[in-house]
Amino acid sequence: MTKTVFSALIIALLAALLVWLSAYLKLPFWFCLLSSALFFASPQSNLLGLVTTLFTALLGILFGVIYLQFSPYIATFPYKMEVIVAVIVFLLFLITQTQYLKYFACALITLSLLVLQNGDWILICQSVVIGIVFGFVARAISLLITGKNLN
């Protein structure tokens, strides 16, 4: 068995464990799995990458809460959704250009998850944190198996 196949097997088993854990905790497993993929797509695979991914994901959730809180107040404004989304994406992009939050897609995806879940930020935070930690573990194990180091 090659290192790549073995690594894929380990990641698949960890994904199955993540699905089981999310069902056990009554969390949407697709949100956990998507959050796990967020870490896999992270530019860094080390502990700094984990922290960056977590903070950026939580930033997206915060902006999702802001979006859901402000949208009812401008209900009569034409093109309100377009304006609010444009402002939020603009601000998110600027904020994610800082040294420790350089992961715009992560923030945008978690913002979208929150809006999809109608503002249940506790559920989304739990799903995202568990998923990202599992993603970190899976990527670290995969890199160790294939003989690469955490950058």
Side-chain angles (χ1 to χ4, degrees), residues 1-71 81 84-151:
M1 181 181 306
T2 67
K3 290 180 181 181
T4 304
V5 172
F6 185 60
S7 179
L9 180 63
I10 296 297
I11 290 171
L13 291 173
L14 284 172
L17 179 65
L18 177 60
V19 170
W20 173 84
L21 180 65
S22 62
Y24 179 77
L25 296 173
K26 296 179 178 31
L27 299 171
F29 78 90
W30 285 113
F31 291 176
C32 295
L33 202 57
L34 180 62
S35 300
S36 178
L38 285 175
F39 185 79
F40 262 85
S42 172
Q44 295 178 312
S45 58
N46 54 16
L47 283 175
L48 181 60
L50 174 64
V51 172
T52 298
T53 305
L54 282 171
F55 281 140
T56 308
L58 295 175
L59 178 71
I61 293 169
L62 175 66
F63 270 74
V65 169
I66 292 169
Y67 166 77
L68 291 171
Q69 292 298 315
F70 279 112
S71 59
M81 186 181 298
I84 292 172
V85 168
V87 168
I88 286 176
V89 168
F90 174 77
L91 292 173
L92 264 180
F93 185 80
L94 287 179
I95 292 171
T96 57
Q97 297 310 299
T98 63
Q99 181 180 0
Y100 297 110
L101 297 174
K102 250 187 186 311
Y103 195 11
F104 174 69
C106 179
L108 203 56
I109 289 170
T110 56
L111 180 149
S112 301
L113 287 177
L114 181 76
V115 174
L116 281 172
Q117 195 60 34
N118 296 319
D120 191 350
W121 64 272
I122 294 174
L123 180 81
I124 297 300
C125 281
Q126 292 169 341
S127 300
V128 165
V129 168
I130 288 171
I132 289 172
V133 169
F134 261 79
F136 171 75
V137 170
R139 190 170 179 188
I141 290 172
S142 172
L143 290 173
L144 290 174
I145 289 171
T146 56
K148 300 174 185 169
N149 54 353
L150 300 171
N151 56 347

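Computation of the quantities below employed the complete heavy-atom set of this structure, encompassing side-chain atoms and omitting hydrogens, waters and symmetry-equivalent molecules.
The distance from the CG atom of L114 to the CZ atom of F31 is 9.5 Å, given to the nearest 0.5 Å. Taken from CD1 in I132 to SG in C32, the straight-line distance is 10.5 Å, to the nearest 0.5 Å. Of the inter-residue distances, the one linking F90 atom CZ with I95 atom CD1 reads 10.0 Å to the nearest 0.5 angstrom. Note that CD1 of I122 and CG of L27 are 11.5 Å apart. Values are rounded to the nearest 0.5 Å.
At a threshold of 4.5 Å between non-hydrogen side-chain atoms, the residues Q126 and L25 do not count as touching. Taking 4.5 Å as the limit, every side-chain heavy atom of C106 sits out of range of all side-chain heavy atoms of S42. In this structure, the side chains of F134 and L21 come closer than 4.5 Å at one or more pairs of heavy atoms. Using a 4.5 Å heavy-atom cutoff, the side chains of L111 and Y67 are not in contact. Taking 4.5 Å as the limit, every side-chain heavy atom of T110 sits out of range of all side-chain heavy atoms of L58. At a threshold of 4.5 Å between non-hydrogen side-chain atoms, the residues L47 and L50 count as touching.
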Next on the checklist: As a quick check of understanding, evaluate side-chain contact (heavy atoms from CB on, under 4.5 Å) for S22 and I130, giving each step before the final call.
Outcome noted: CA-CA 8 Å; S22 62; I130 288 171; over 6 Å; no
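Within the 3.5 Å criterion, the main-chain N or O of K3 finds no donor-acceptor partner in the side chain of S7.
Atom CZ of F40 has more than 12 neighbouring heavy atoms from other residues, nucleotides or ligands inside a 6.0 Å radius.
For the pairing with F93, the ring pair (Phe, Tyr, Trp, His ring centres under 6.0 Å) check across F104, Y103, F63 returns one residue only, F104. Each of T4, I11, I10, V137 was scored for a side-chain contact (heavy atoms from CB on, under 4.5 Å) with S142, with one residue passing: I11.
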